[in-house]
Amino acid sequence: NMFEGPTDILVENSTIENPGSNGNRPPVDESSPALLTVENGATHSSGLPDPTSQEYFNDNFSTVDAASTSDESAASLHIINEYSLTNDIGLSAANALMRGPPASRHFGGNRGGYFLENYDYTSHKRKTEYPRPIAICGTEKTVIYNIKNTPRGKVYQMGASGSLCSDIGFRKEYLCCFHVQKKTLLLYEVDADDSLVIELEQPMKSKLNFWAVLPPQAHNNTLVIMLITPLGGFHWMPLTQEPRPRRVWQRGTELQGKRILAYEEGGSNGLTDGLPRSTVALLLTPSQKNECVDAWCIRLNKESTAVNVGSGLVGAALFRVSDSGADGSPFAPLLCTVGIESRTGPGFKYSVEKNEVEEPLILQVSSLVDASAVAEAEGSSVASAMSVVKGAVLARVSLDDTLNIANTIHGENAYLKKPELALGYLPDVLILCRENFVVVVIRSRGIILAYSYRDGTHTLDDDSLVFYGKKEIGSYVVDGAICSSEAEGEVEMNFLLYDESAENHGGKIIVITLSRESL
């Protein structure tokens, strides 16, 4: 069992404080399916519209002229709502929320590597997605901020060292808190009257380096909380019959002592009927190169090694092409990166330091390859084969022309003032992926660039990145999230911004829709 041995020094037996509400917990599969093993592929019931069919995707994601880079393309990005944190929860709580947790991202990170079903076959309508609420806590109070609630901010007279909220739309609303001094994780159910009921207490014996809430597709269609410790990565599923954290990757020498800046998972083992698993993890750590990050990929549920898939980057994320895994088959995600390409001559001056060489930013989409499958075919059994490695470059585009350096970001004032952030300022570029959209967010410039990934598999054309729009929001971007909108062919983005112009330099959340119809 991969969870024996070192796992024993991480956790002790769980104590269920309120077992009655969890009496029907689903079973947990302890197997470790391979990255691309095809088993029990799910199919849709006949007679219902299938949004995963090729015809559906061709109609829903119609393409546009790849050369469309004029100012008119900005019409595809619309700010539809804006919320002031100070007005909603007060200045002190707003500042704490802006500062954020030290071991997690505000919105939880990119989820572009999953197949997130956006069609309800019961109601025959699109499912409504929402970004995960932001939770922040202190020694005496915990605040949950959710733009979809009224009021948007809820304050609880309960302190903790850190807290996370479950996704909106999950079976129930949960709040998970970590207590450093008690060395415990506490899971609370948020009742309809907004009271908190302790659902589970999980003792811990190891330091928590980073944590995040993952989609249910990450493990067995249940609530999954990712715990990263000096020993490795663990899926904690507190609503299952055996809520003990289960190790899904081991922290080898490659990641030993490295600070985790961002974490996400993607891919699928194809077991959509009951025991789905994500298959690939992406981690970002600080790079030796100033203001940059290193990207690492790990094959989940195997004794694999972390593989460096990019050094000296400014951002990276996982990405799923729209038809990958749509029929229930297993798939591996793609890798999106933004890096600085060395060259002579004028280009994008990335560093705030003076006398730096100006270099262009490159957005690139690459495949990820199951190295163990290649090794097995070649009869190799080397340990390095038990991993995921970067494959061929499928599409790339320079951001220089789109950024319009001379008119948009030229001069010292191009860099916006930043708030104090517990997690720091890396990565400086966020990459958000959903429904074939790839959105590049340059945090320090307050610039949003939207692209659509055109898969040439069915047209015999090369894969490409089509520019869709640019938005300059004039504020430092603390964090962002992307999800499907209620409207066809549209996605919704939420950005947490540092509002320097506001009184006492408060924060705000803006909601932006990205639509294909407007083009």
query = Hey, are the side chains of L164 and R132 touching, using non-hydrogen atoms and a 4.5 Å cut-off?
reply = yes

Main-chain N/O of A262 paired with R105 side-chain donor or acceptor, under 3.5 Å = no

message = Counting C-beta onward and ignoring hydrogens, is there a side-chain heavy-atom pair between V440 and V429 closer than 4.5 Å?
response = yes

message = Quick check on K154: does its NZ atom have over 12 non-hydrogen neighbours (other residues, nucleotides or ligands) under 6.0 Å away?
response = yes

task = Can you sort out the partners of R251 under salt bridge (Lys or Arg N to Asp or Glu O under 4.0 Å), two or more places apart, ordered by chain and number?
result = none

task = Under the salt bridge (Lys or Arg N to Asp or Glu O under 4.0 Å) rule, collect the residues that match up with R111, sequence neighbours excluded.
result = D167

key: Side chain N494, main chain A481, donor-acceptor under 3.5 Å   = no

request  = Could you grab the distance from atom NZ of K183 to atom CG of L208, nearest 0.5 Å is fine?
outcome  = 13.0 Å

message = Regarding E435 and S484, do their side chains bring together a donor and an acceptor under 3.5 Å, going by distance alone?
response = yes

request  = Could you tell me whether the side chain of I147 reaches within less than 4.5 Å of the side chain of V511, counting heavy atoms only?
outcome  = yes

message = Walk me through whether V280 and I298 qualify under side chain to side chain contact (heavy atoms under 4.5 Å, CB included).
response = CA-CA 6 Å; V280 178; I298 304 177; over 6 Å; no

inquiry  = Can a donor-acceptor pair be found, under 3.5 Å and without considering hydrogens, that links the side chain of S206 to the backbone of T229?
reply    = no

Selection residues 79-99 - residue pairs positive for salt bridge (charged side-chain N to carboxylate O under 4.0 Å, His left out), sequence neighbours left out = E82-K508, D88-R152

Side chain to side chain, L200 and P243, heavy atoms closer than 4.5 Å = yes

query = Side chains of N209 and P230: closer than 4.5 Å at any heavy-atom pair?
reply = yes

Residue pair V338, L313: steps toward the side chain to side chain contact (heavy atoms under 4.5 Å, CB included) verdict = CA-CA 6 Å; V338 175; L313 303 173; over 6 Å; no

ask   = How about Y498 and K418: do any of their side-chain heavy atoms sit closer than 4.5 Å?
value = no

inquiry  = Can you tell me how far apart CG (L175) and OG (S166) are? Round to the nearest 0.5 Å.
reply    = 8.5 Å

inquiry  = If we check side chain to side chain contact (heavy atoms under 4.5 Å, CB included) with I482, which of these qualifies: L430, I431, V439?
reply    = V439

query = When you measure from the side chain of R277 to the backbone N and O of H219, does any donor-acceptor pair fall under 3.5 Å?
reply = no

query = Would you say S104's side chain and P101's backbone share a donor-acceptor pair under 3.5 angstrom?
reply = no

message = Looking at K148 and E173, is any side-chain nitrogen of the basic one under 4.0 Å from a carboxylate oxygen of the acidic one?
response = no

query = Hey, mind stepping through I136 and T142 against side chain to side chain contact (heavy atoms under 4.5 Å, CB included) and telling me if it holds?
reply = CA-CA 6 Å; I136 193 70; T142 297; over 6 Å; no

ask   = Does K258 come within less than 4.0 Å of E254, counting only side-chain N to carboxylate O?
value = no

query = Can you tell me how far the NZ atom of K471 sits from the CD1 atom of I79, to the nearest 0.5 Å?
reply = 5.0 Å

query = Got a donor-acceptor contact below 3.5 angstrom from the D479 side chain to the H106 backbone?
reply = yes

query = Donor-acceptor pair, D191 side chain versus L196 backbone, under 3.5 Å?
reply = no

task = Would you please test T285 and D294 for side chain to side chain donor-acceptor pair (under 3.5 Å) and show each step?
result = CA-CA 5 Å; T285 62; D294 294 337; 4.6 Å; no

query = Regarding E201 and H179, is there a side-chain donor-to-acceptor distance under 3.5 Å anywhere?
reply = no

request  = Using a cut-off of 6.0 Å, state whether more than 12 heavy atoms not belonging to E140 lie near its atom CD.
outcome  = no

request  = Using atom types as modelled and distance alone, determine if a side-chain donor or acceptor of N220 lies under 3.5 Å from a backbone N or O of T222.
outcome  = no

message = Would you compute the distance between atom CZ of F495 and atom OH of Y476 and round it to the nearest 0.5 angstrom?
response = 13.5 Å

request  = May I have the step-by-step check of ring pair (Phe, Tyr, Trp, His ring centres under 6.0 Å) for Y188 and Y156, ending in yes or no?
outcome  = CA-CA 12 Å; Y188 297 89; Y156 298 93; 8.9 Å; no

task = Check for a donor-acceptor pair, side chain of S268 on one end and backbone N or O of G270 on the other, with a separation under 3.5 Å.
result = yes

request  = With rounding to the nearest 0.5 Å, note down the distance linking CG in L282 to CG in L335.
outcome  = 6.5 Å

ask   = So, R246 and H235: side-chain donor and acceptor under 3.5 Å apart, yes or no?
value = no

task = Calculate, to the nearest 0.5 Å, the distance between atoms CG and CH2 belonging to L223 and W236 respectively.
result = 8.0 Å

inquiry  = With no hydrogens and no angle check, just 3.5 Å: does a side-chain donor-acceptor pair link D428 and S444?
reply    = yes

ask   = Judged by atom type as modelled, is there a donor-acceptor pair below 3.5 Å linking the side chain of N436 to the main-chain atoms of Y453?
value = yes

key: Option passing side chain to side chain contact (heavy atoms under 4.5 Å, CB included) with W211 (candidates L227, I228, I260)   = L227

query = Do C137 and C177 pass the side chain to side chain contact (heavy atoms under 4.5 Å, CB included) test, and can you show the C-alpha distance, the side-chain angles, and the key distance before you say yes or no?
reply = CA-CA 9 Å; C137 55; C177 295; 6.0 Å; no

